[in-house]
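Convention: sequence-line order gives letters A, B, ...; per-chain numbering from 1. Heavy-atom basis, side chains included; hydrogens, waters and symmetry copies ignored.
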Amino acid sequence: MAENKRILVCAGTGCASSGAHKLIDALKVELKKQGLEETVSIVGTGCQGFCEKGPTLVIEPEDILYTSVTPEDVAEIVATDIMKGERVERLLLVDQVTQKPVSTLSEIRFFAKQHRIVLKNCGVIDPQKIEEYTARDGYAGLQKVLKEMSPEEVLEEVKKSGLRGRGGAGFPTGLKWGFCRQTPSDKKYIICNADEGDPGAFMDRSVLEGDPHSVIEGMLIGAYAMGVDEGYVYCRAEYPLAIKHLEIAIRQAEEAGYLGNNILNSGFNFKLRVFAGAGAFVCGEETALMASIEGKRGMPRVRPPFPAVSGLWGKPTNINNVETWSNIPHILRNGAEWYAQFGTEKSKGTKIFALTGKVNNTGLVEVPMGTTLREIIFDIGDGIQNGKAFKAVQIGGPSGGCLPESMLDLEVDYDTLTKAGAMVGSGGLVIMDETTCMVDIARFFLNFSTKESCGKCTPCREGTKRMYEILDRITKGKGKAEDLDTLENLALTIKATSLCGLGQFAPSPILATLKYFRHEFEAHIFDHKCPAHACSALLSYTIDAEKCKGCGMCAKNCPATCITGEKKKPYVIKEEDCIKCGTCIEKCKFDAITRA
Amino acid sequence: MEWYNLTIDGCEVRVPKGTTVLEACRMNDIQIPTLCQDKELTPSGACRLCVVEIEGMRNLPPSCVTQVAQGMVVQTQNTKVRAARKVILELLVANHPLDCMTCQKMGNCSLAEYAYEYGATGEIYKGEKRDLPIDSGNPFILRDPNKCISCGKCIKACTEIQGRSILDFSFRGFDTQVGPAFNLPYNESDCVFCGSCVSVCPVGALTEKKMVGMGRSWEVSKVQTTCPFCGTGCNFDLNVKDGKVIGVTSNPDSPVNGKALCVKGRFGMDMIYSPTRLTTPLIRKDGVLVPAEWDEAIALVAAKFGQIKKESGPNAIAALSSAHCTNEENYLMQKFMRAVIGTNNVDHCART
Ligand SMILES: Cc1cc2nc3c(=O)[nH]c(=O)nc-3n(C[C@H](O)[C@H](O)[C@H](O)COP(=O)(O)O)c2cc1C
Ligand code: SF4
Ligand code: SF4
């Protein structure tokens with residue numbers, strides 16, 4: 001029964017922090033105890049994508065997913081599933097629609113609607129073993145390229161695939177490679193941008209942790225196409241596991257002859273090194289990133305010259321995002337036509353989104369471009385938590401925008417999102433329900449941009465701060481009638497005059513919320529009300545005299561001592577002194593206090 | 001040379017390829033406000049005040065770093081452009097001390113000049129303002145970081161002209177500051193006080209400390225002169241008020257040095273009024289230095305040289321000249337030694 005079984009335990013950063021390593025140890029001990037250590041293998045994989053329910057494990061070959069597994073569950077899993085082939089029901093996922101447990105990956109909505117190309121190996125192979133990568137066609141793309149194709153042919157193939165950069169702007173990858181290839185120079189570089197600074201996005205980390213060789217192979221193919229012999233992976237220092245796996249993978253690839261001199265006897269040389277980032281969001285901007293590698297302060301510079309003409313150390317340089325590079329081996333292995341069948345007319349292939357917020361299933365989701373928001377949120381994400389109503393989805397992090405329910409049937413790709421006032425960006429999808437205040441959300445993202453602005457250009461350095469101040473005062477009920485015009489004018493000016501993408505897109509969360517949720521701003525400013533009841537300064541607490549039993553619990557616990565009354569008679573809250581902490585509501589046993 | 005035709009504010013102009021839009025405007029007497037641009041420094045495109053509208057371009061590109069192209073159509077003064085510039089100025093003014101009444105830079109401040117032109121009061125974006133300590137720990141440069149507009153020119157002057165790289169940005173966003181490493185005061189950094197940073201600062205963030213309170217810019221007349229300290233021949237402007245030199249400022253048109261100077265030239269001119277300054281030759285008589293007339297002093301030197309040469313031969317005399325002297329003076333010195341004294345014993349303090 002137990003023969004040929006593999007237990008894939010997710011050991012990505014998310015599950016590792018919720019106890020995956022202890023789980024692996026417990027499994028080893030239990031399998032040994034049952035004499036199964038030879039027949040059943042345990043694999044610590046990269047992210048399986050279902051971080052919300054971690055630690056997760058999958059039992060192959062049946063593909064059974066167990067979630068929120070603890071070391072205490074191990075004996076039962078081994079006895080029931082591994083040895084008897086039966087399911088441990090209490091650890092299975094419950095489908096939110098049918099309310100029934102589901103066991104196999106293909107039955108689980110979260111996985112069933114995904115189409116995994118980049119994440120194909122993530123959560124399935126041991127990322128620290130190159131042989132697991134090669135066993136699943138790893139480095140086949142490189143072999144094919146070096147044996148059968150000229151650099152021009154590789155470039156053509158990438159152009160034909162329609163792949164666009166996954167780092168945010170969606171620039172056609174083949175076109176960019178062509179610019180770098182064209183620039184004559186004795187030395188050129190390629191860089192993998194793994195700075196991933198958008199709050200909420202973690203697909204690049206997962207790819208590097210779970211399938212580092214796919215990025216290396218992509219870079220090798222790119223280097224061959226562009227005539228480059230040296231590359232860097234600029235990875236944020238906050239990703240130690242990704243850096244570790246990448247370094248192991250580079251060493252193994254060197255030993256296997258995929259990296260170094262005369263790769264696979266083709267005469268092609270390529271050296272790759274990892275550079276740990278300097279801890280600023282703006283270092284993800286390509287010119288700031290290169291300055292950072294050169295040892296300077298990570299600050300963007302004006303383009304042109306573009307990196308393809310003058311990049312790292314003044315040499316022609318091509319920068320692509322982790323996910324972009326990771327797509328390349330698949331394109332070369334299976335052909336451009338195969339790749340181009342996925343996606344929409346102008347956005348080909350798949351995109352990984354990081355689904356978070358008030359949705360039942362959170363985690364990494366890879367879907368073909370053109371999938372609707374509704375499918376992502378309600379099928380894959382299994383709808384809104386606690387049966388609440390959907391309100392908005394924030395796409396693209398601090399450079400993106402919030403889209404309302406009326407946009408749920410939008411087919412997500414680069415162009416539709418930009419047109420709608422959001423952005424694919426790095427692919428963060430934060431789902432909000434009726435309890436989220438849209439002004440507050442805009443304020444949250446502005447706070448991020450304000451802190452991360454590099455300070456070089458005036459509109460971004462000074463302007464983001466002022467936008468934040470205006471939003472802050474609106475959420476505190478101190479908004480002025482003219483604030484919306486001031487805000488909009490400032491936002492449009494910052495967008496039009498900032499030097500780099502950070503400043504140009506920092507106003508997006510405001511512009512999109514002003515477009516779709518203007519009434520919420522107005523309610524704050526003119527009615528002094530927060531429709532979502534989220535902005536504490538705008539709430540007012542009242543005691544319903546009918547329901548109040550005069551127990552005095554509220555008054556006893558009020559830190560501002562603004563509740564007065566006599567025992568057995570209705571108590572009253574003195575509005576002016578109330579600090580809106582909500583303690584009284586929590587303490588009242590008779591539901592007599594309302595917040596509005 | 002290849003020439004491009006373009007239209008600026010409706011006028012056809014012709015400029016060489018490689019010209020920036022800003023240069024093209026200036027060649028044609030079209031005024032564009034700039035705060036971070038300086039012809040001696042590499043462009044950074046940071047202040048964004050020089051934005052213009054260019055047909056077919058997304059956003060409002062900064063003219064200082066946008067190169068002209070054939071057939072380009074540029075608008076430098078339309079409502080959209082002027083409104084954007086006004087917003088940028090409003091933002092800068094909103095975070096500025098506005099103590100112009102006592103600011104040394106008054107009358108010579110680019111921010112004030114443009115704020116006046118565009119009517120930026122700083123009211124509309126009123127909010128938090130910086131409150132940073134003033135760096136006055138050295139005798140030469142007064143640094144008020146609250147007035148800094150982060151244009152980055154001082155950083156570039158220090159790095160690109162002086163090659164010292166003492167200054168850079170620190171912190172991020174609204175907290176961005178410009179100064180020496182670790183925000184040390186100037187006197188604790190490796191600064192050599194050449195004052196190049198002061199010469200490029202468009203506002204009152206960096207000023208000549210000794211000139212503070214000594215005169216308003218409109219009371220001062222500028223007298224271009226050559227620095228007497230050494231033979232390089234740097235030019236600068238003596239700032240003269242009521243017949244008295246109150247300080248030195250760079251003259252950007254100086255052919256030798258541009259705005260660059262060294263600490264002696266820029267900050268050492270108070271030696272003019274030094275009570276210990278030598279104003280006549282001194283002759284030691286009975287062990288005491290006594291003021292003398294030039295004729296007497298020269299006659300004495302000539303007599304002594306003649307005597308030494310006669311008694312011990314010309315090679316008993318040597319001359320060491322100084323970097324204080326000009327090339328011409330140095331030439332004359334060696335000529336005198338070889339032709340008049342008859343020796344090759346000549347040397348110069350800057351030889352090694
Ligand atoms: C403020 C800012 C932050 C960025 N951060 C990232 C990042 O973390 N990762 C990334 O791949 N691209 C980032 N980018 C985009 C890069 O500048 C660049 O366009 C991208 O790496 C190009 O790769 P691609 O063509 O594969 O998308 C950022 C851009 C800006 C303006
Ligand atoms: S837009 Fe912001 S982050 Fe970009 S250069 Fe300007 S100040 Fe720096
Ligand atoms: S000190 Fe002056 S020159 Fe330096 S950045 Fe500030 S404003 Fe610019």
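- Using a 4.5 Å heavy-atom threshold, the side chains of B/L167 and B/C197 count as touching.
- Of the two parts of A/T493, only the side chain, counted from C-beta on, holds a non-hydrogen atom closer than 4.5 Å to a non-hydrogen atom of chain B.
- Ion pair A/D415/A/K419 not flagged as a salt bridge, since none of the NZ, NE, NH1 or NH2 atoms sits closer than 4.0 Å to an Asp/Glu carboxylate oxygen.
- Each of A/D195, A/T173, A/N193, A/D204 was checked for a side chain to side chain donor-acceptor pair (under 3.5 Å) with A/N321, and the lone residue meeting it is A/D204.
- With a 4.5 Å cut-off on non-hydrogen atoms, B/A83 does not touch chain A at all.
- By the 30° and 60° cut-offs, the orientation of the rings of A/F281 relative to A/F448 is perpendicular.
- For the pair B/D168 and A/K296, the salt-bridge criterion is not met [side-chain N within less than 4.0 Å of a carboxylate O].
- Neither the backbone nor the side chain of A/R301 comes within contact range of chain B; no heavy atom of the residue lies under 4.5 Å from a heavy atom of that chain.
- Electrostatic pairing of B/R26 and B/E23 does not count as a salt bridge here, judged by no charged N lying under 4.0 Å from a carboxylate O.
- Residues of residues 440-447 of chain A having a heavy atom under 4.5 Å from any heavy atom of chain B: none.
- Ranked by heavy-atom pairs shorter than 4.5 Å toward chain B, the options A/K495, A/K456, A/R473 are led by A/K456.
- Around the CD atom of B/E188, the shell of radius 6.0 Å holds more than 12 heavy atoms that belong to other residues, nucleotides or ligands.
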What's the verdict on side-chain contact (heavy atoms from CB on, under 4.5 Å) for B/C154 and B/L206, showing C-alpha distance, side-chain angles and the deciding distance?
CA-CA 9 Å; B/C154 54; B/L206 297 171; 3.8 Å; yes

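- No part of A/S449 comes within reach of chain B, as not one of its non-hydrogen atoms sits under 4.5 angstrom from that chain.
- For the pair A/R303 and A/F306, the NZ or CZ position fails the cation-pi test of under 6.0 Å to the six-membered ring centre and within 45 degrees of the ring normal.
- Looking only at heavy-atom pairs under 4.5 Å with chain B, the residue among A/V302, A/T450, A/L490 that has the most is A/L490.
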Between A/K346 and A/R164, does the side-chain contact (heavy atoms from CB on, under 4.5 Å) criterion hold? Intermediate values first, please.
CA-CA 9 Å; A/K346 289 204 176 134; A/R164 293 171 66 173; 4.0 Å; yes

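- Under a cut-off of 6.0 angstrom, the local environment of NZ in B/K17 is sparse, with at most 12 non-hydrogen atoms contributed by other residues, nucleotides or ligands.
- Around CZ of B/F182, the count of heavy atoms belonging to other residues, nucleotides or ligands within 6.0 Å does not exceed 12.
- Both the backbone and the side chain of A/T497 come within contact range of chain B, judged by heavy atoms closer than 4.5 Å.
- Per-residue counts of heavy-atom pairs under 4.5 Å with chain A were compared for B/N59, B/V178, B/V65, B/N95; the largest is that of B/N59.
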Just do the side-chain contact (heavy atoms from CB on, under 4.5 Å) check on B/M72 and B/V21 with the steps written out, would you?
CA-CA 10 Å; B/M72 206 177 227; B/V21 173; 3.9 Å; yes

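- Residue-level contacts of residues 36-57 of chain B with chain A, in order of numbering, are B/S44, B/G45, B/A46, B/C47, B/R48, B/V51; threshold 4.5 Å between heavy atoms.
- In this structure, B/F171 places its CZ atom where only 12 or fewer heavy-atom neighbours from other residues, nucleotides or ligands lie under 6.0 Å away.
- For chain B, no part of A/E482 is nearby; none of its heavy atoms comes within less than 4.5 Å.
- If you measure heavy-atom distances from B/K80 to chain A, you find no contacts under 4.5 Å at all.
- Interface summary for chain B: among A/M467, A/E462, A/Q504, the most heavy-atom pairs under 4.5 angstrom belong to A/E462.
- Among the candidates B/L91, B/V87, B/L92, the residue making the largest number of heavy-atom pairs closer than 4.5 Å to chain A is B/L91.
- Between B/E117 and B/R85 there is no salt bridge, since no side-chain nitrogen of the basic residue lies less than 4.0 Å from a carboxylate oxygen of the acidic one.
- Interface residue B/E128: backbone and side-chain heavy atoms are both found under 4.5 Å from chain A.
- With a 6.0 Å radius and a threshold of 12 heavy atoms from other residues, nucleotides or ligands, B/Q31 has its CD atom at or below the threshold.
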